[in-house]
Amino acid sequence: MNRLERRLSDLRARGERGLAPYVTAGDGGLETTLAVLHALDQAGAVCVEVGLPFSDPIADGPVLQAAADRAIAAGTTFSGVLGMLARFREESQMPVAVMAYANGLLARGWEESCRAIAGAGGDGLLVADLPVEEGQEMASAARAAGLAPVFFVSPTTSEARMARAVEMSRGFVYAIGRFGVTGARTEIGAEAQAFLARVRKQAKNLPVAVGFGISTAGQVAEAVRHADLAIVGSALVQRVHEAEAFAPDIAGAAGAARDFVRELMKGLPACTPR
């Protein structure tokens, strides 16, 4: 059981819920990303997703696509991101799950990619465009390297496919709380709650994270009715980018991230044993 699995297992045992922010590595520069990660840790995030920028992020909406474009234009590389992560790991034990697209990792090979991510201090791996039916090689390489492989389920996922995603995931299973790409703001209505209840039942003791569209404390509260983690991505990335654009300053970007996450955490309920 690695850092991510232990943290989420402990969270669930205490009957608590948590926030898992997402950041695009290299957006604003890797020094900004490093400062933002420390700020998220200080704010009380349970874990964080660090996205490797990719030129064709088909699962992402306009905000994260633009962030990836900025990061790539700034010269962000796989090795550069891992170097930044290794520096973060020297000072923090907050679990980090790396989110990537398959192409870049396949070019290096699953085993080499997973070893490199784990060696830099990563704890989990999500591959946005990797179907669970094709995920066995990634999952095996991740587990061998000490990473927790994480797979996705959505409202259209069949019971059999959901069972397979849960079986192959470690740390948590990622429930996509809406249809379409990331970033569109949404209320988590009755249909979405029924889906999340279905995931919770299927997942049993495996923690459930829900993302896509969360941007307010009220939405966080709705998201964690049947989930352990609320993932916030586009809203946080946009908030940090706007802060940096207004006053190009690493401390300002980090402060914006910390303040926003603290505001979102007001939506988390008190400890509620299950």
Side-chain angles (χ1 to χ4, degrees), residues 2-8 10-11 16-53 63-64 67-68 70-71 74-100 116-126 147-148 171-172 209 211 214-215 217 220 229-266 268:
N2 71 11
R3 239 183 323 253
L4 178 66
E5 294 172 280
R6 284 195 301 271
R7 177 71 63 88
L8 295 184
D10 290 347
L11 184 82
E16 297 178 357
R17 316 293 196 277
L19 202 70
Y22 169 94
V23 296
T24 300
D27 185 17
L30 288 172
E31 291 301 319
T32 295
T33 305
L34 179 61
V36 167
L37 290 181
H38 282 298
L40 298 175
D41 192 6
Q42 294 163 10
V46 169
C47 59
V48 64
E49 282 185 57
V50 172
L52 297 177
V63 170
L64 297 188
R70 291 191 298 266
T76 305
T77 64
F78 180 75
S79 60
V81 173
L82 297 192
M84 179 277 300
L85 178 56
R87 291 169 59 197
F88 174 69
R89 187 55 72 217
E90 291 175 359
E91 298 181 355
S92 173
Q93 289 300 306
M94 180 174 66
V96 174
V98 171
M99 203 286 281
I117 292 168
D123 304 289
L125 178 62
L126 306 85
L147 295 177
F172 62 93
I214 295 171
S215 60
V220 169
L229 290 176
I231 295 176
V232 56
S234 296
L236 174 62
V237 167
Q238 186 64 25
R239 186 69 63 96
V240 171
H241 175 60
E242 290 173 354
E244 189 176 49
F246 179 75
D249 173 74
I250 290 176
R258 182 171 51 248
D259 292 346
F260 186 46
V261 166
R262 284 175 174 168
E263 179 62 30
L264 292 176
M265 288 179 66
K266 293 178 181 178
L268 295 175

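- Separating the OG atom in S92 from the CD atom in Q42 is a distance of 9.0 Å, to the nearest 0.5 Å.
- Using a cutoff of 4.0 Å between basic side-chain nitrogens and carboxylate oxygens, R89 and D123 are scored as salt-bridged.
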Is there a side-chain contact (heavy atoms from CB on, under 4.5 Å) between V220 and M265? Walk through the geometry before answering.
CA-CA 8 Å; V220 169; M265 288 179 66; over 6 Å; no

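- A salt bridge links E263 with K266: the closest approach of a Lys/Arg side-chain nitrogen to an acidic carboxylate oxygen falls below 4.0 angstrom.
- The side-chain hydrogen bond (donor to acceptor under 3.5 Å, both in side chains) check on R87 picks up E31, with sequence neighbours excluded.
- Judged by distance alone, the side chain of T77 and the main-chain N or O of G80 form a donor-acceptor pair under 3.5 Å.
- With rounding to the nearest 0.5 Å, the separation of CZ in R262 from CG in L19 is 13.0 Å.
- Of the residues L11, D10, L4, the one that meets the side chain to side chain contact (heavy atoms under 4.5 Å, CB included) test with V46 is L11.
- A side chain to side chain contact (heavy atoms under 4.5 Å, CB included) with V23 is found for one member of T32, V240, V50 and no other, namely V50.
- The heavy-atom pair separating L229 from A20 by the smallest distance is CD1-CB, 4.2 Å.
- With rounding to the nearest 0.5 angstrom, the OG atom of S215 is 9.0 Å from the CZ atom of R239.
- You'll find the side chain of I214 stays beyond 4.5 Å of the side chain of I231, heavy atoms only.
- With values rounded to the nearest 0.5 angstrom, R7 atom CZ is found 13.0 Å from F172 atom CZ.
- Summarising the geometry of L82 relative to A120, their closest heavy-atom pair is O-CB, 3.4 Å, with the distance given to 0.1 Å.
- Contacts of F88 classified as ring-ring contact (aromatic ring centres under 6.0 Å, His included), with partners at least two apart in sequence or in another chain: H38.
- Between A43 and R258, the closest heavy-atom pair is CB-O, 3.8 Å.
- Of all heavy-atom pairs between A35 and A254, the closest is O-CB, 3.7 Å.
- The closest side-chain heavy-atom distance from Y22 to L236 is not below 4.5 Å.
- Taking each heavy atom of P53 and A68 in turn, the nearest pair found is CB-O, 3.9 Å.
- In plain terms, the two heavy atoms of D27 and T33 that are nearest each other are N-OG1, 4.1 Å.
- Annotation: side chain of L147 is in contact with side chain of I117 (closest heavy-atom distance under 4.5 Å).
- Side-chain contact between M84 and L37 is present, with at least one heavy-atom pair separated by less than 4.5 Å.
- At distances below 3.5 Å, not a single donor-acceptor pair connects side-chain atoms of T24 with backbone N or O atoms of G51.
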